> 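Below is the structure I would like to discuss, written out as structure tokens.
In what follows, chains are A, B, ... by sequence order, proteins preceding strands, each numbered from 1. Remember, it's a predicted structure, so these values are computed and weren't measured experimentally.
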Amino acid sequence: MSTLSEPPKESFRLSMLIYDTRYRSLTIQTVAMILLVLMISWLVSNTVQNLENLGKDFDFGFLGQRAGYDINQRLVEYTSQSTHARAALVGILNTILVAFLGCALATILGVIAGVLRLSKNWLVSRLMAVYVEGFRNVPLLLWIIAIFALMTESTPMPRDFREGGDASMLFGSIAISNRGVYVPAPVWGEGASLLIGVFVISLIAIWAFRRYAHRRQEATGDILPVFRVSLALFFIPVLLTYFAIAFANGRTEQAILATGGEAGLTLTEYAESQESLNVCLIPGTTTALNLEKTLRGADVRYNAVPFNDEGQALEGFQVGDCNVLSVPATQSDPIIAEAEGGFAPVPLVETIRRGNALEFEQPYLGGFNFDGGIHLRNSLIALWLALSLYTGAFIAEIVRGGILSVSKGQTEAAYALGLRPNRTMNLVILPQAMRVIIPPLISQYLNLTKNSSLAIAVGYMDVRSTLGGITINQTGRELEGMLLLGLFYLVLSLLISGAMNFYNSRVKLKER
Amino acid sequence: MSDTHAQTVRFVRESMLPEQEPPLAESGVLKWVRENLFSGWLNILLTVLSLAFIWFVLSHLLPWFLNSVWSAGSLSECREIRDEVFGPDASSACFAVITDRWHQLVFGFYPPEFYWRPIVALLLFLAAMAPVLFAGIPRKALWFSAAAPFLIYFVLWGGTIWGPLAVALGFVVGYATFVGLSRFNALLATLGAIVVPILYWLFVAGPLAGALASVLPIGLTFVPSDDFGGFQLSFIIGMAGILLSLPLGILLALGRQSNLFIINKTSVAFIEIIRGVPLIVWLFTASLLLNYFLPPGTNFDLMLRVIIMVTLFASAYIAEVVRGGLAALPKGQYEAADALGLDYWRSMRLIILPQALKISIPGIVNTFIGLFKDTTLVVFIGLLDPIGLSNAIRASTEWNGIYWELFVFIGLMFFICCFSMSRYSIYLENKLQREHR
Amino acid sequence: ATLEDVQERGNLNCGVSTGLPGFSAPNSAGEWEGFDVAVCRAVAAAVLGDPTAVEFVPTTGQTRFTALASGEIDMLSRNTTWTFSRDNDLKFEFVGVNYYDGQGFLVPKALGVTSAKDLDGATVCIQTGTTTELNLADFFRTNNMDYEPVPIETNAEAQQQYLAGACDVYTTDASGLAATRATFETPSDHVILPEIISKEPLGPLVRHGDNEWGDIARWTLNALIAAEEYGITSANIDELAEGTNNPEINRILGTEGNLGEMIGLDSDWAVRAIKAGGNYGELFERHIGESTPIGLARGLNAQWTEGGLLYSPPFR
Amino acid sequence: MTDAAPATPLETQREIDRSHMTVSDEVAIQISGMNKWYGSFHVLRDINLTVYRGERIVICGPSGSGKSTLIRCLNRLEEHQQGEIVVDGTELSNDLKNIDKIRSEVGMVFQHFNLFPHLTILENCTLAPIWVRKVPKKEAEETAMHFLEKVKIPEQAHKYPGQLSGGQQQRVAIARSLCMRPRIMLFDEPTSALDPEMIAEVLDTMIELAEEGMTMLCVTHEMGFARKVANRVIFMDQGQIVEQNEPEEFFNNPQSDRTKLFLSQILGH
Amino acid sequence: MTDAAPATPLETQREIDRSHMTVSDEVAIQISGMNKWYGSFHVLRDINLTVYRGERIVICGPSGSGKSTLIRCLNRLEEHQQGEIVVDGTELSNDLKNIDKIRSEVGMVFQHFNLFPHLTILENCTLAPIWVRKVPKKEAEETAMHFLEKVKIPEQAHKYPGQLSGGQQQRVAIARSLCMRPRIMLFDEPTSALDPEMIAEVLDTMIELAEEGMTMLCVTHEMGFARKVANRVIFMDQGQIVEQNEPEEFFNNPQSDRTKLFLSQILGH
Ligand SMILES: Nc1ncnc2c1ncn2[C@@H]1O[C@H](COP(=O)(O)OP(=O)(O)OP(=O)(O)O)[C@@H](O)[C@H]1O
Ligand SMILES: Nc1ncnc2c1ncn2[C@@H]1O[C@H](COP(=O)(O)OP(=O)(O)OP(=O)(O)O)[C@@H](O)[C@H]1O
Ligand SMILES: NC(=O)CC[C@H](N)C(=O)O
Ligand SMILES: [Mg+2]
Ligand SMILES: [Mg+2]
């Protein structure tokens, strides 16, 4: 074969920057880089210039200043004396709260609607189609406003719950009013730690049982009723413990001690005899809860004097900070016996229950509003419902698509092998559908989280309203504030989509 | 083959059996009802629940709808009419507010004598989108699509025609530079096509338009931005967002597909940042911060700034849609284009993009639906979209206290638009699937 | 500079409230009108000669300052309280006070509340991003009371929430309360509590740093106030503009001296400003005065000669 | 597609060992007077068929004649509306227990394999034994490996279906059915989705099964297979059994005109 | 799949006219010491090959031996890392101008045709001449029709690729390449995605091209084609050229053991 002479070694020429594939990409990138840097520096220099013209600077110091405004829903300690940074934190937590609640409810709604839409029941599937199309094709903002309006316009005011009003509480303990929903709040009493301990242990037991069941199935083939046993393990020990503790300490009723009265008075009589009723109590305990309940039941006005523990409460009682105290019988007798000087406590007729390991503080009507219990504000509920219903409609489509994406052949193959319909669902259909469902599902979560910024429509105090709203407005730091706000959302989004990519790479179907 | 079973009957059917009707329980309405509504206790339960729900909703809504008042001048008049006709306690909708104010809800404060202009603009928009949305239309029509934004701007805002023309000329200048320079070098041409028009817009376009306008004043009555409102505003923002974000989105998608590190990473960063932050934050940025980033003294109106922001926002989403389309093309198409000697831009323009865009149309339509719905967020920065207008209407003394009628009307309008668009995109998807089989 | 920008643009961008009856609200024809709006129109008339050459930008309590700072609007005339930090930290220049006000509380009569001190535990509707929000926090804290704030974006929403009973009390500037109450179906079912918990001098403002522009706004407002003092009304202004024997009036109306020139306008700038809607008193009467449904008394906002606080510096 | 018998490599294969392929007197499947409708479309008309244990029946007929439907009725993937089907002594009715019992005794191999893509080959094969037969995992895996060896792909046990070729997938599908140790196997055109090479692989496997005396019903157009293995060929048309006979007779001496026409078509290549 | 030479209808074709098939002394392609890696996988090893103008070279070899890669290196669809490729006097380097030049002179036909589905047949053929060669549209269309006639499908000019059969599509692909009037044609298994009937159509077209003296490099396992047309057959294995020879010699008297084995396989059917 003939050979060619060596071609002369090429030296670098300028035109190679453009024509040589090796250098060309470098050239393009350098040019792009220069354009990019020019663009950015143009923007930055404009900003600097503008700030200078306005006499402003770029400074995050405002975050340390006193915020001065109140926030109604706060998951961490916050008062108007706290800093703007703290207010931002409250907002961030509120955003995360509504996003989390929204994702949870949207998933439930979406899965139910998606499955029902595939139902053979014509009526149900039509109804779900109406739900899905209705929510998907109308702006979310309109739904938020409409649901908020529905909640404020069509639910009763707190004062309608008063006697003579036409509203009443659900099951006697849930109040749905146009200021929000009040639900009973749990209060942990004596023995609560035991109860929680038992609960944790039963969770561990469930986990252990499932493992055991799995092992046993592998070894012998026997299939244990995992679901039923888990359910039983979940409830029975806790309930048993609860009643046991209730039996042990809840049965004893304890005396109400009062100073400056005679023995044998009822609460009402005593209250009438006194100028004012000051009650020593330790907030957050079941004893205090039941004492207040009794006081309210007797319809007497009183002031609560809070203390941190029983010793202090007793001391306060002795020095006259208050004139009413309730302590266990074991302590009340010595107190009465050892009383000296002008201090002469006597037990009243009424007694109170010390309370169970877990009790619920019922909401009750106070001055203007309900007191006690947990207050779910309308803004939260409206935003939460609207976000969930809206996103749920999208999730329903995703779920439906996911299930439909598993071919009928898969079901048939499973049936032909003798698998029952519910096992077919669990072992064959769901694992496959999940792969299709999860990625778009997570991007729906992302959308929901971002859409939670529509809180502005209902006055929910999310991070946009605190940091990106009032704080910016009070301090005039819009550049810094918006930057932080954008950054927060960006980080949140990247975290969520990072999770998505991780999941995706984990479960990708193996193919040739 | 001795093992053949003794009893194996050879069987031959001499005459074919006729087709029979299925047993009675297997056909007709009865079967349908049984199978679709009452098979199994769960199904029965669901049916009953659904019926109860439907009854509940209808029993509340139907009287309200049926007893509606359609013509009245104010809410109190409405109530009077209701008291007269249906009795004082009847639940009754007062759709008179719609008949009274529909023109505001639809056109905002746009001068009524010019209502034809937004309508023409809508038609122009549809005509401009047609080549993108319907694969059957000749590609030449894309030139019209390119010209449409300027035309639409002119029709809507009015003023002298030379302004939009001068701006449009910038693109022509850019293209001319590209063609002129690409004889020498493609890279230089690309660069020139970016730089020259920018210089032109900065220094030449304004004076040129001014000069032309003073020589030859052609134009329509100018309508200021704050007269825009209602569905017209939603449409304008949505349409502008889509029309303008398409080219940008395509560029971003190409950037994201590119293996040039800086271009790729810049595109990715842009897309992720835009998509990671809620639109409402971007809108606030547009209304609060955009002026910080522009040269001191620039001031253009809020609506334009919103359109810019929405365009950037939509382009990130379009980019992802188009990227999907690009990825769906077989590698062979790229190779065949290379093997024929087409360069990058030509192979993109002639081979890759026409195909990728076609695949992306359903996604683009879906993006548009989302964007259209999201235009309601502009109410928070003080633009009068339908929701903003509903607030304004409620603030007037005549209609103070009216609520649901406006929501129902606005919701219904959005539903009709979005639902029909989503049907179209589903139809397209099915069609694509059939073609790709 | 802003003046040139405005003149070049041919219209004034003026920030107003999204809707507060009597102060600023669009009527059914889409035209903005009200007491705050009138200030914008007066400035536009003075600068551009056309009281309708105003583009009104509706702002909420939260968006108004950024709108002004970012240059989206040339001036803000939106019942905004003059405070130290807005002046110095947010870098704005208040050009005067067009309404001396204070924060009050609006409650339904049925509630039986007679004093703000009885509001312990109440739910309070409050517009976010306002001084009233801060005052409220301080008021309740210093009086050792609890409350539940319901943050709200606009007056219209606040009104709706209040009427639906989502809050017991609505608090904002007393003028705003009166204006809001006036639009109720039965205003008499609601009372404004006697306590005024703060000083709220409301006035138009511009950005720091452009003193020429600030002066124009300031002296336009002063011209309206002075016009009332000197009895210049939209009815007699044409006559007076021919020349009077009161040199102050003549200076205001530009028949004497060159005040107009000094602030970069022509000589009959004030004539146009006053003609746009009348003098301060006329504006007050037309939009919020006792003859309107809003029915505010002049009170503090009377001329100093009548025992009020309105006191325009001399035109000299 | 590949109904051209000469093209398949069966010709060149070793002689078939028919020694085990005995047919007993015991009835495996008994269908009498069975009718089925889809809506108002009468797909299966008056089907009467008795299959004895150990029989290897090939069902053929034009497309749409109801072959698949018939097969699918046998393990209740489709419901019949009239008549009676008794499989292995159990009547197919709406009784769920009977259905379960029959399904675990009747194996089915589909045209499109229908392997579970999210499980490995081994897991595919052990799924049903573990959850239906309640066999310990280890034992199930041993059985699975046994059958995978039988279909000659033990080395693929830990791969996923997506990583296998079509022929391999179909062989896994057969192994999966066999793992349930069914007494009857149904095949619905098991080779028609495959390339010629792969068809050979799968047919080999099926022939081996036949040699072991498995009761088989197979819808197929592989006439080579029918000739070699079947002891009865059933021809269906328009939802009816038109003719049935021993393969030799059936191919060489079809009685009905319909059959003649059909045979002339598929053998005409 | 369809590498069974006897199955193709070439046997029955008319005698090939070899009169034009002259080989000149001019070098068309010169590959020397060429090496290529995919990552760390050495896919082409020390390739040396000289192709003279008018030569018709068939490249064969087992799957994965690097045939496609070699062909694709010739118009820079793949980059080589060592050695030198000179096509038509131009060295293939990183210089874009050279690459453009070579690409417009080397036509390529892919296994999967890669027609542009959104353009009509005519547009497919005129696209490159118009945009790369800058030929006026009318002229380009005339040329295109000329070549479409040559591949015998002028009547399809206004259809879209999706409406054509595989064989027709491949012929369009050939015509599309020819429209650029290339001096060298590369074929990468142009017939292996086709049914036997269609293979015949395409091979006919290729034979015609060969008769006209086009320089051709063709990866194919159609041994009939190789015998009739090629004047050199190259056998590759593991990225190396193992043997090259005239077809008769190559088939009848292979030198290397590897080649013998390979030939026994593909001719063994
Ligand atoms: N679910 C169904 N609903 C209505 N008709 C059906 C259904 N499944 C099948 N059919 C119809 O029943 C008839 C018999 O179908 P079947 O699948 O049993 O035919 P086949 O003999 O298996 O044909 P092929 O050889 O094409 O598989 C066909 O006409 C078919 O269209
Ligand atoms: N992009 C790539 N990256 C890494 N390896 C590759 C790539 N393309 C091909 N290969 C490997 O290079 C080797 C040669 O591939 P090539 O396609 O050239 O083989 P071939 O001879 O054409 O085979 P066939 O007859 O199957 O087409 C193969 O082992 C292949 O796996
Ligand atoms: N209510 C308002 O919108 C204004 C409140 C108050 N005057 C402020 O400036 O903050
Ligand atoms: Mg079938
Ligand atoms: Mg290859």
Side-chain angles (χ1 to χ4, degrees), chain A residues 120 122 210-228 401-439 503-512, chain D residues 71-72 74-78 96-97 99-120 123-141 158-166 168-169 173 176-177 179-180 182 185-186 188:
Chain A
K120 267 190 240 143
W122 182 86
R210 286 178 168 249
R211 256 178 77 110
Y212 166 74
H214 188 73
R215 291 252 174 82
R216 161 125 181 225
Q217 185 188 1
E218 285 196 351
T220 69
D222 289 351
I223 300 174
L224 297 174
V226 175
F227 181 72
R228 263 174 282 166
I403 294 177
L404 285 181
S405 77
V406 182
S407 70
K408 200 156 155 272
Q410 294 288 314
T411 322
E412 287 185 347
Y415 284 175
L417 285 171
L419 287 170
R420 289 268 185 76
N422 56 350
R423 291 238 163 88
T424 303
M425 199 66 185
N426 286 334
L427 298 171
V428 177
I429 308 298
L430 279 187
Q432 293 183 54
M434 280 320 252
R435 286 158 213 257
V436 181
I437 290 173
I438 297 272
Y503 178 86
N504 262 355
S505 60
R506 282 280 302 277
V507 303
K508 209 152 87 194
L509 273 189
K510 303 247 178 0
E511 273 168 36
R512 289 224 257 202
Chain D
I71 285 262
R72 291 156 58 85
L74 294 183
N75 64 351
R76 196 71 170 186
L77 287 179
E78 303 286 351
L96 276 180
K97 275 198 184 145
I99 295 179
D100 283 348
K101 190 167 162 233
I102 288 172
R103 281 187 180 161
S104 64
E105 276 177 19
V106 175
M108 175 139 184
V109 177
F110 297 86
Q111 178 179 7
H112 291 285
F113 336 140
N114 289 340
L115 293 181
F116 306 132
H118 61 300
L119 302 177
T120 62
E123 285 165 348
N124 260 285
C125 293
T126 55
L127 186 80
I130 288 178
W131 291 98
V132 180
R133 286 251 188 278
K134 307 202 163 58
V135 174
K137 189 170 173 201
K138 206 141 168 238
E139 205 179 309
E141 285 181 352
H158 293 285
K159 287 198 183 158
Y160 283 86
Q163 298 168 301
L164 265 53
S165 75
Q168 289 173 327
Q169 287 191 32
R176 180 174 72 176
S177 286
C179 283
M180 287 291 284
M185 286 285 279
L186 309 174
D188 190 359

> Quick check: do Trp131(D) and Gln217(A) have side-chain heavy atoms less than 4.5 Å from each other?
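They are in side-chain contact.
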
> Could you grab the distance from atom NE2 of His214(A) to atom NZ of Lys137(D), nearest 0.5 Å is fine?
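Going from the NE2 atom of His214(A) to the NZ atom of Lys137(D) covers 5.5 Å.
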
> Return all side-chain donor-acceptor pairs below 3.5 angstrom for residues 401-408 of chain A, not counting sequence neighbours, or 'none' if the list is empty.
| residue | atom | partner | partner atom | Å |
| --- | --- | --- | --- | --- |
| Ser405(A) | OG | Gly402(A) | O | 2.6 |
| Lys408(A) | NZ | Glu412(A) | OE2 | 3.3 |

> Only pairs of heavy atoms separated by less than 4.5 Å count here; which of Glu105(D), Arg72(D), Arg76(D) has the most with chain A?
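Ranked by heavy-atom pairs under 4.5 Å with chain A, first place is Arg72(D).
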
> Would the distance check show the side chain of Glu139(D) and the main-chain N or O of Ala219(A) forming a donor-acceptor pair, the cut-off being under 3.5 Å?
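Side chain of Glu139(D) to backbone of Ala219(A): no pair is present.
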
> Does the His118(D) side chain pair with the main chain of Ile429(A), one donor and one acceptor, at a distance under 3.5 Å?
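No; judged by distance alone, with no hydrogens or angles, the pair does not exist.
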
> Test of understanding: with side-chain contact (heavy atoms from CB on, under 4.5 Å), list the residues that count as partners of Ala413(A), not counting sequence neighbours.
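Scan of Ala413(A) (side-chain contact (heavy atoms from CB on, under 4.5 Å), adjacent residues dropped) gives Phe110(D), Asn114(D), Phe116(D), Arg176(D).
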
> Specify which of Ile130(D), Leu186(D), Ile99(D), Leu96(D) makes the most heavy-atom pairs with chain A at under 4.5 Å.
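Between Ile130(D), Leu186(D), Ile99(D), Leu96(D), the count favours Ile130(D).
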
> Quick one: pull up CE in Met180(D) and CG in Leu419(A) and give me the separation to the nearest 0.5 Å.
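Between Met180(D) CE and Leu419(A) CG, I get 7.5 Å after rounding to 0.5 Å.
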
> Select one option (side chain, backbone, both, neither) describing which atoms of Arg216(A) are under 4.5 Å from chain D's heavy atoms.
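For Arg216(A), no heavy atom lies under 4.5 Å from chain D.
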
> So does Arg133(D) have more than 12 non-hydrogen atoms from other groups sitting under 6.0 Å from CZ?
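It does: Arg133(D) CZ has more than 12 such atoms within range.
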
> Which heavy-atom pair separates Asn75(D) from Ala416(A) by the least distance, and what is that distance?
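Of all heavy-atom pairs spanning Asn75(D) and Ala416(A), the closest is ND2-CB, 3.6 Å.
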
